[in-house]
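Here's the structure, in structure tokens; my notes come after.
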Amino acid sequence: MKKIDKTEYEKRLNKITQIFEGLVVHADEQATYRCPYKNRFDHCTAQFGCRNQRKIDEGTGLLCVGDDKLDYRSAWETDAPDQTAEFQGTITCDEKVYQLTPGKTVFDYADDLAVQVPTSCFRTGQCHECIVEIKRGMDSLRPPNEAEAFLRDNYRLACQAVVLDVDADIEFTPLRRTPRILTHTTIDDDQTLELNPRVTHRDGTVYYNDEPIDRYRGHLYGLAIDIGTTTVVANLVDLESGKTVSVSSFENPQRFGGSDIMNRISYDGEFHGELRRSLIAALNSEIMELCDRHNFVRQEIYEVVVVGNTTMRDIFFKQDVQSIGQKPYKSVIEHEYRDGIRSTTSLIEKTRRLGIRANPKAMVYSLPLIASHVGADVAADLVSININSQNETIMLVDVGTNTEVVVGNAERMVAASCPAGPAFEGGGIEYGMPAYPGAIESVKWNGSQFDYTTIADEPPHGLCGSGLISLLAELRRNDQMSPKGVFAERKQRLMSLLPEYGITFSREDASNLAQAKAANYCGQYIVLRHFGCVPQDITTLFLAGGFANYVNLQDAVEIGFLAPVPEANVVKIGNAAVAGATTVLLSERKRANIEAFVNNIEHIELETTPDFFDIFVEGCQFKPMPATPTSFQMGRRGL
């Protein structure tokens with residue numbers, strides 16, 4: 001080893017020290033005159049008022065006009081009352097209001113309003129988790145930058161949306177909200193819990209399919225997740241006892257890509273991965289909240305079972321979904337199954353590869369698809385009603401943005417998907433809204449005005465799905481609207497429902513609801529006819545999903561939203577998809593059974609039915625579906 005020359009060493013050390021001393025002096029001088037909030041473009045990034053700030057008409061932010069020669073600190077406005085007095089604008093979220101000041105982002109105001117907005121990139125615009133919908137005041141914000149290129153319409157990244165016009169009024173809403181989401185499930189009390197999960201432990205070791213994967217940490221947990229187009233529900237399940245420890249639910253944060261399946265497919269083709277990223281971020285946030293709430297670590301989650309319609313499921317599993325949006329509307333997975341490349345349409349993947357916060361060796365399993373848009377959620381529905389034991393003819397209707405209809409028994413079954421769209425969830429309806437507090441859920445005409453009830457008994461803001469169906473039925477019963485959606489006053493285009501709240505209902509609203517209802521009508525009518533039965537033949541109609549759970553059955557039948565099955569034969573089974581996913585998480589036998597059963601389900605494409613258009617037109621009318629055998633057997637002539 002070469003001997004160190006102490007003199008030379010000291011000389012070099014002194015030189016380095018001088019260099020750093022020079023840097024410190026320069027930095028100190030700069031700190032005295034050049035404001036630390038002034039970036040290299042001479043733009044101000046401060047989150048408080050300053051006399052050196054100037055608004056830029058082109059919308060590129062706030063300009064700093066400090067000359068870098070005088071101490072900048074005297075220009076800072078630190079007196080709060082004077083700081084806000086000259087600005088008149090406000091920002092609102094969830095009815096919370098805050099005064100606007102220059103230079104702050106929507107995310108900063110979310111902090112001020114105590115509104116939770118997710119992020120994992122320290123607000124740099126990289127994680128794309130803090131998406132918000134700007135309900136009002138879009139023009140008051142700095143135009144979208146490159147980090148927001150994947151967003152359309154009135155969606156922005158909260159951390160990038162800088163408020164420029166502090167005299168305007170702005171309203172925003174985070175994407176991850178919690179409406180009234182059905183988490184309750186109804187399972188036959190006679191069914192005994194079958195406990196035979198893939199994950200077990202013995203002698204201090206955790207096994208997955210008898211393969212050792214971890215030391216026993218005190219818990220064996222699994223997650224059962226139902227990914228709906230509109231909502232997401234997750235059960236945290238104890239794999240040792242079979243009990244559900246906790247139920248979580250939130251609105252699907254992917255709505256910035258469109259409110260229905262086809263729009264999501266189109267969006268994913270243009271901005272591949274963005275929809276999935278937002279969903280994974282929301283799920284991981286929920287998982288960490290569960291860990292905090294129940295005092296366990298994420299490494300104690302050893303399996304995740306995921307269900308959803310074909311598009312939602314395949315986006316989650318990083319699959320290309322473009323083929324689902326084109327004829328013959330089948331996923332890449334289904335094509336590979338039919339070509340003999342795969343033995344099943346179920347999927348299994350490591351949580352690590354999918355980015356799920358769980359044990360590094362945990363696995364994610366998805367139930368198989370049935371066909372086309374009829375996905376793993378319907379397979380889970382069938383598990384929840386114990387389809388293998390159904391010897392009588394049953395009907396399952398899972399109502400949602402994409403409604404699925406199944407008719408049959410353990411021996412033969414027919415299924416179809418109905419692209420109903422988001423109208424009954426508030427989409428395209430002037431005063432339509434999801435099931436949030438303040439949503440009208442039922443109405444009654446008392447002879448002079450509408451009586452109503454709202455969720456959480458809050459003042460009315462609009463109508464959710466059950467309220468819209470209730471309204472349509474009341475308008476028909478009282479001859480205030482024809483079956484074709486024409487008001488009693490034929491020239492009337494707008495009807496005032498609650499004048500004191502400004503809530504109205506228009507002919508255009510009625511038209512949008514008629515088309516959404518017609519999709520549900522077609523699915524039920526055509527599947528029943530194809531199977532060879534009528535509504536009176538159905539021994540049990542299982543209604544699945546949150547929307548169906550809250551709707552009044554008589555109202556739904558009277559406007560033709562549901563088939564006229566005797567009310568005594570109708571069973572509301574709640575969120576059957578998450579119940580089926582939970583069952584499969586706990587039972588290897590149930591998992592094998594549904595894998596085999598779906599192969600024998602006959603799928604029909606509604607639009608290929610010769611008289612589909614005639615049935616759709618009939619379904620657009622607000623009147624009951626035919627219930628007689630003659631009407632069903634005669635097809636288009638019976639219409």
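Numbering starts at 1 and runs along the sequence shown.
Residues Asn512 and Gly428 come closest through the heavy atom pair ND2-O, 3.0 Å.
The only member of Cys522, Cys620, Pro610 that meets side chain to side chain contact (heavy atoms under 4.5 Å, CB included) when paired with Ile615 is Cys522. Of the candidates Thr401, Asn402, Asp260, Thr230 forms a side chain to side chain donor-acceptor pair (under 3.5 Å) with just one, namely Thr401.
For the residue pair Glu595/Thr344, the side-chain donor-acceptor check at 3.5 Å is satisfied. Side-chain N/O atoms of Asn145 and Gln160 include a donor and acceptor closer than 3.5 Å. At a cut-off of 3.5 Å, with distance as the only test, no side-chain donor of Thr539 or Asn569 sits close to an acceptor on the other residue. Looking only at atom types and distance, the side chain of Thr582 has a donor-acceptor partner in the side chain of Asn235 under 3.5 Å away.
Of the possible polar contacts, one joining the Ser587 side chain to the Lys590 backbone as a donor-acceptor pair under 3.5 Å is found. Without hydrogens or angle criteria, Arg313 side chain to Val307 main chain gives no donor-acceptor distance under 3.5 Å. Within the 3.5 Å criterion, the main-chain N or O of Met262 finds no donor-acceptor partner in the side chain of Ser266. In this structure, Glu300 contributes its side chain and Val297 its backbone to a donor-acceptor pair below 3.5 Å. The backbone N or O of Gly355 sits less than 3.5 Å from a side-chain atom of Asn284, completing a donor-acceptor pair. A donor-acceptor pair under 3.5 Å is formed between the side chain of Thr608 and the backbone N or O of Glu605. A donor-acceptor pair is defined here as one N or O able to donate and one able to accept, closer than 3.5 Å; no such pair exists between the side chain of Gln326 and the backbone of Ser323. A donor-acceptor pair under 3.5 Å is formed between the side chain of Asn309 and the backbone N or O of Thr311. The backbone N or O of Ser259 lies less than 3.5 Å from no partner atom in the side chain of Thr229, so there is not a single donor-acceptor pair. Looking at Thr244, its side chain never comes within 3.5 Å of a backbone N or O of Ser246 through a donor-acceptor pair.
Using a 4.0 Å cut-off between a side-chain N of Lys or Arg and a carboxylate O of Asp or Glu, Asp314 and Arg276 do not qualify as a salt bridge. A salt bridge between Glu303 and Lys361 is absent, with no side-chain N of the basic residue lying under 4.0 Å from a carboxylate O of the acidic one. Under a 4.0 Å N-O distance rule, the pair Glu274/Arg264 does not qualify as a salt bridge. Salt bridge present: Arg255 and Glu251 bring a charged side-chain N and a carboxylate O closer than 4.0 Å.
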List the steps, then state whether ring-ring contact (aromatic ring centres under 6.0 Å, His included) holds for Phe424 with Phe561.
-> CA-CA 11 Å; Phe424 281 101; Phe561 188 86; 5.1 Å; yes

Residue pair Ser384, Asp381: steps toward the side-chain hydrogen bond (donor to acceptor under 3.5 Å, both in side chains) verdict | CA-CA 5 Å; Ser384 73; Asp381 289 342; 5.0 Å; no

Would you check, one step at a time, whether the test salt bridge (Lys or Arg N to Asp or Glu O under 4.0 Å) holds for Arg529 with Asp611?
-> CA-CA 12 Å; Arg529 189 179 67 178; Asp611 56 350; 2.8 Å; yes

Could you walk me through whether Thr540 and Met395 pass side chain to side chain contact (heavy atoms under 4.5 Å, CB included), step by step?
-> CA-CA 6 Å; Thr540 307; Met395 183 176 184; over 6 Å; no

Hey, mind stepping through Asn409 and Glu392 against side chain to side chain contact (heavy atoms under 4.5 Å, CB included) and telling me if it holds?
-> CA-CA 6 Å; Asn409 50 48; Glu392 304 291 334; over 6 Å; no

Start with the C-alpha distance between Ile601 and Asn599, add both sets of side-chain angles, then the distance that settles side chain to side chain contact (heavy atoms under 4.5 Å, CB included), and finish with yes or no.
-> CA-CA 6 Å; Ile601 297 176; Asn599 295 329; over 6 Å; no

Report the C-alpha distance between Ile356 and Phe316 in whole Å, list the side-chain angles of each, state the deciding distance to 0.1 Å, and finish with yes or no for side chain to side chain contact (heavy atoms under 4.5 Å, CB included).
-> CA-CA 11 Å; Ile356 302 296; Phe316 179 87; 3.9 Å; yes

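The aromatic rings of His219 and Tyr221 sit parallel to each other, their planes meeting at less than 30°, with 60° as the upper class boundary.
The closest side-chain heavy-atom distance from Arg298 to Leu290 is not below 4.5 Å. Between Val306 and Ile227, some side-chain heavy-atom pair lies under the 4.5 Å cut-off. Within the 4.5 Å cutoff, the side chain of Val407 has heavy atoms near those of the Ile538 side chain. Looking only at side-chain heavy atoms (C-beta outward), Leu396 and Leu382 come within less than 4.5 Å of each other. Contact of the Leu586 side chain with the Leu239 side chain is registered, since non-hydrogen atoms from C-beta on lie closer than 4.5 Å. Residues Leu347 and Ile333 meet the side-chain proximity criterion, which asks for heavy atoms closer than 4.5 Å.
Checked against ring pair (Phe, Tyr, Trp, His ring centres under 6.0 Å), Tyr302 has no partners two or more places apart in sequence or in another chain.
The aromatic ring centres of Tyr267 and Phe256 sit less than 6.0 Å apart.
Within a 6.0 Å radius of CD in Glu588, other residues, nucleotides and ligands contribute more than 12 heavy atoms.
Evaluation of the salt bridge (Lys or Arg N to Asp or Glu O under 4.0 Å) test over residues 338-357, restricted to residues two or more places apart or in two chains, returns Glu334-Arg338, Glu336-Arg342, Glu349-Arg353.
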